[in-house]
Amino acid sequence: MSLTAGLPGQLPGQMMDQPLLVSALLAHAERYHADTEIVSRTIEDGSLHRYTYADAARRARRLAKALARLGVRPGERVATLAWNGYRHFELYYAISGSGAVLHTVNPRLFPEQIAWIINDAEDGVVFFDLTFAPLIEKLAPQCPAVRHWVAMSDRAHRPSAAIPRLGCYEDLLAAEDDDYAWPQFDERAASALCYTSGTTGNPKGVLYSHRSVLLHCYASCLPDVFGFSARDCILPVVPMFHVNAWTIPYSAPMVGAKLVLPGAALDGPSLCELFEAEGVTFTGGVPTVWQGILQHLQKTGGKPTTLKRGVMGGSAAPPALMETFARDYGVQIDHAWGMTELSPLGVYNREKRKHGGLDDEARRALAAKQGRPPFGVEMKIVDAQGRTLPNDGEAVGELLVRGHWVVGQYFNVGAPTLRDGWFPTGDVGSIDADGYLWITDRAKDVIKSGGEWIGSIELENLACAHPAVAQAAVIGVAHPKWDERPLLVIVPKTGQRPSREELLAWYEGKIAKWWTPDDVVFVEQLPLTATGKISKLQLREQFRDHRLPGAAGG
Ligand code: AMP
């Protein structure tokens, strides 16, 4: 063996050269956590399906044989449009494990976008949950290259929709046995493909490798990240079609944790029922999901008995929400930041040893930050000229990252993705001397007022801390003098009617005066994106013609 890029005179290491492969995770769970459960809420009737890692591994091997029978070749993309459930879990392993590429498609996108994505990825086979049968019926004529559409059901529940070349999941499995050995191959081979939600332009594909998934998985299990163990029971609310459910379907088998997959029922009551029935210890989702859980707990007076920890990310976590969970329910929620392009883990917020003596206020300020990178991710902020800015917690610039699980090049896009070897995230923020990142905004959401920037996230966090506010969003609205000024959009708590003046006065003394929003509007709900985040794009559309007080002629 020779080193491909060694220094002159170096010796090759003499350890086994075992590739880091996704299939090894399930093989490990089958061998050492055989009787640990995977519990899923079914799509068919909402009942609970339960089996073990050993059962899942046996069925994944049968599925790998079924894929070969369908003519799936190594490297070919196989798509899923599915909720979090055991069949989706099996597909994660059968597709990647057999050398093909798992392409998880977000079913909440517009049908035209989905068809575009399926065609761009050149998916040969598409597996779908029954919920999406009507959608597939519409998509099929637009995706002529798809050889098989497979309903993830048994024969009894096979959809009646007019779908060409329709197969049935359980029939495919029934035709195979589990005498199958996971193939070994180069760990740099592609394992999975996810498209970014793409608020502007076409979505872009990020093609993960087996190596990047496994390294991400190791890092995500570290104590200062998810901190998973074989004593955990993990319920990912974040969908398996959104950055691989933050890789929980990989990290749970890595550590042998029990896995609870909630299906299509992601509302507060259904989730709280599962937390209690299954003894869930850890869960993760975007802020709107945590809001739903909180509303249910507050309404019913219930209290989770086993849930102790969780993660909130995908968009900025309102500190008031995290504090309520810690204070009223003993649930510690950590803030995290990531992106599809980062598999998704960028930073995670856990305190350091030296933070032990912080007072409450300083601790709160620290917890509001997005967090610091685990080993494997490096980051820096730069100014408009690309000059690196200091990590002093003050300077604000565009965030650039690099690391073992950061995208190097978008799928099917010729143009370079990187800038001098760094990935430009499009997020804006500061980094302090301890490496804690504070995102002030997405570059395109920053409010540009009189040549200065106003970050919407801090304004939203403050609004959410008001006792009468359930949810808040701040957007820039055109202003004749200042270009843009902030508009605060509020969903009040049930039964509450805070006044505009009261809400604006709430900001006094908390921020620079000129950051204070010019106006407040009240809505019943905020528009969400396909990944459950507040859609600033839609809000800007909705309030494009909003006339701010004092903006004569605006
Ligand atoms: P996605 O690729 O759909 O997961 O979206 C990634 C984007 O979500 C990031 O570039 C950020 O703009 C935003 N995001 C994710 N987590 C956070 C967070 N904790 N705080 C603020 N923005 C976030």
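Each residue takes its place number in the sequence, starting with 1. Here the structure is a predicted model, which is why all the values come from computation and not from measurement. Indexing begins at 1, ligand by ligand and atom by atom, following the structure's order.
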Checklist line | Within-shell test, Asp427 vs ligand 1, heavy atom, strictly < 4.0 Å | finding: yes

Notebook entry, point to check: Do the two ring centres, one from His103 and one from Phe241, sit under 6.0 Å apart?
Noted result: no

Check: Considering only protein heavy atoms, which is closest to atom 2 (O) of ligand 1, and at what distance to one decimal place?
Finding: Thr340 OG1, 2.6 Å

Notebook entry, point to check: Ala317: heavy atom below 4.0 Å from ligand 1, yes or no?
Noted result: no

Next item on the list: Starting from atom 8 (O) of ligand 1, find the nearest protein heavy-atom neighbour and note its residue, name and distance.
Entry: Lys533 NZ, 2.9 Å

Next item on the list: Check Val243 against Ser343 and note the closest heavy-atom contact, atom names and distance.
Entry: CG1-C, 3.6 Å

Margin query: Looking at ligand 1, is there an atom of it that comes within less than 4.0 Å of some heavy atom belonging to Pro344?
Written below: no

Check: Counting each atom of ligand 1 from 1 as listed, which ones have a heavy atom of Trp337 under 4.0 Å away?
Finding: 9 (C), 11 (C), 14 (N), 15 (C), 16 (N), 17 (C), 18 (C), 19 (N), 23 (C)

Check: Just checking, any donor-acceptor pair under 3.5 angstrom between side chains of Thr131 and Trp83?
Finding: yes

Margin query: Heavy-atom distances under 4.0 Å decide this one: backbone, side chain, both or neither, for Ala316 against ligand 1?
Written below: both

Note to self: Using every non-hydrogen atom in the two residues, find where Ala472 and Cys464 come nearest and quote the distance to one decimal.
What the structure shows: N-SG, 3.9 Å

Item checked: Phe325 and Trp290 aromatic centres sub-6.0 Å -> yes

Next item on the list: Answer yes or no for Met312: is there a heavy-atom contact with ligand 1 below 4.0 Å?
Entry: no

Checklist line | Heteroatom distance test (Thr425, ligand 1): nitrogen or oxygen, under 3.5 angstrom | finding: no

Margin query: ring pair (Phe, Tyr, Trp, His ring centres under 6.0 Å) for Tyr436 and His355? Distances and angles first, verdict last.
Written below: CA-CA 13 Å; Tyr436 286 82; His355 295 134; 5.6 Å; yes

Note to self: Under a 3.5 Å threshold, yes or no: a donor from one side chain and an acceptor from the other, between Ser270 and Asp267?
What the structure shows: yes

Next item on the list: Show your reasoning for whether side chain to side chain donor-acceptor pair (under 3.5 Å) applies to Tyr195 and Asn202.
Entry: CA-CA 9 Å; Tyr195 280 72; Asn202 281 325; over 6 Å; no

Margin query: Counting only heavy atoms, tell me which of Gly314, Gly371, Gly532, Ala443 gets closest to atom 15 (C) of ligand 1.
Written below: Gly314

Next item on the list: Would you please say whether a donor-acceptor pair under 3.5 Å links the side chains of Arg485 and Ser449?
Entry: yes

Item checked: For atom 20 (N) of ligand 1, closest protein heavy-atom neighbour -> Gln370 NE2, 2.9 Å

Notebook entry, point to check: Going by the order shown, which atoms of ligand 1 are within less than 4.0 Å of some heavy atom of His242?
Noted result: 1 (P), 3 (O), 4 (O)

Checklist line | From Gly313, Gly338, Ala336 - option closest to atom 19 (N) of ligand 1 by heavy atom | finding: Ala336

